[in-house]
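Scroll down for the structure; my scribbles are underneath it.
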Amino acid sequence: MAERAFSDVKDFSHLQTKLEQSFSINGKAKSTLNNYLRCLAHLALHYNRSPEKLSVEHVQNYLYHCQNFTKHLPRVSLNTPFSDSEQPTK
């Protein structure tokens, strides 16, 4: 899924670079990074935009969509809050 987002969504690879740096600094596992990228890829492909370019409302609408109309995301990912540095732009 992430591979498709890299090729289809402008600036998604830039997001990956930023996340890799942040995860490295904070000592998070590569598997955690891969899980984040997979979930963000779903979001990016849904809107055909980098998640950095989405509003909070876009993210909330997407999570509502996932919760009510699809089974692609595990329930835990719907409850994962953004840290202050990960808040989508408004």
Side-chain angles (χ1 to χ4, degrees):
M1 183 60 59
E3 294 81 18
R4 196 167 125 219
F6 291 129
S7 65
D8 294 356
V9 178
K10 182 181 178 190
D11 296 329
F12 192 79
S13 60
H14 180 257
L15 177 61
Q16 177 192 16
T17 301
K18 287 174 60 175
L19 283 174
E20 285 175 346
Q21 291 172 348
S22 175
F23 277 47
S24 176
I25 291 167
N26 292 300
K28 296 193 179 187
K30 180 76 171 172
S31 60
T32 303
L33 173 64
N34 290 336
N35 285 331
Y36 269 61
L37 286 172
R38 183 178 36 79
C39 290
L40 289 170
H42 280 277
L43 178 62
L45 290 166
H46 181 78
Y47 284 108
N48 197 31
R49 286 200 280 181
S50 173
E52 294 178 299
K53 309 278 187 206
L54 299 174
S55 68
V56 171
E57 184 177 355
H58 282 114
V59 175
Q60 290 172 338
N61 288 339
Y62 174 74
L63 293 175
Y64 178 78
H65 168 78
C66 291
Q67 182 182 40
N68 291 292
F69 302 107
T70 69
K71 301 295 181 196
H72 296 294
L73 292 177
R75 182 74 185 146
V76 67
S77 67
L78 297 176
N79 293 323
T80 304
F82 287 100
S83 72
D84 290 339
S85 64
E86 296 171 329
Q87 283 289 337
T89 57
K90 293 183 180 181

Parallel, tilted or perpendicular: ring planes of Y64 versus F69, cut at 30 and 60 degrees: perpendicular
T17 side chain to H14 side chain, donor-acceptor N/O pair below 3.5 angstrom: no
Heavy-atom side-chain contact between Y62 and H42 under 4.5 Å: yes
Side chain to side chain contact (heavy atoms under 4.5 Å, CB included) involving A2 - partner list, sequence neighbours excluded: F6, A41
Separation of N26 CG from L33 CG (nearest 0.5 Å): 12.0 Å
Gap separating the NE2 atom of H46 from the CG atom of N61, nearest 0.5 angstrom: 8.0 Å
Flag side-chain contact, heavy atom, 4.5 Å: L15 against V9: no
CG-CE distance between L43 and M1, expressed to the nearest 0.5 angstrom: 12.0 Å
Side-chain touch R49/H58, heavy atoms, less than 4.5 angstrom: yes
P51 and F12, any side-chain heavy atoms less than 4.5 Å apart: yes
side-chain hydrogen bond (donor to acceptor under 3.5 Å, both in side chains) involving K18 - partner list, sequence neighbours excluded: E52
All salt bridge (Lys or Arg N to Asp or Glu O under 4.0 Å) counterparts of R4, not counting sequence neighbours: D8
Side chain to side chain, Q16 and Q21, heavy atoms closer than 4.5 Å: no
From S55 atom OG to Y47 atom OH, the distance as rounded to the nearest 0.5 Å: 7.5 Å
Trace of the side-chain contact (heavy atoms from CB on, under 4.5 Å) decision for L40 with L19: CA-CA 11 Å; L40 289 170; L19 283 174; 3.5 Å; yes
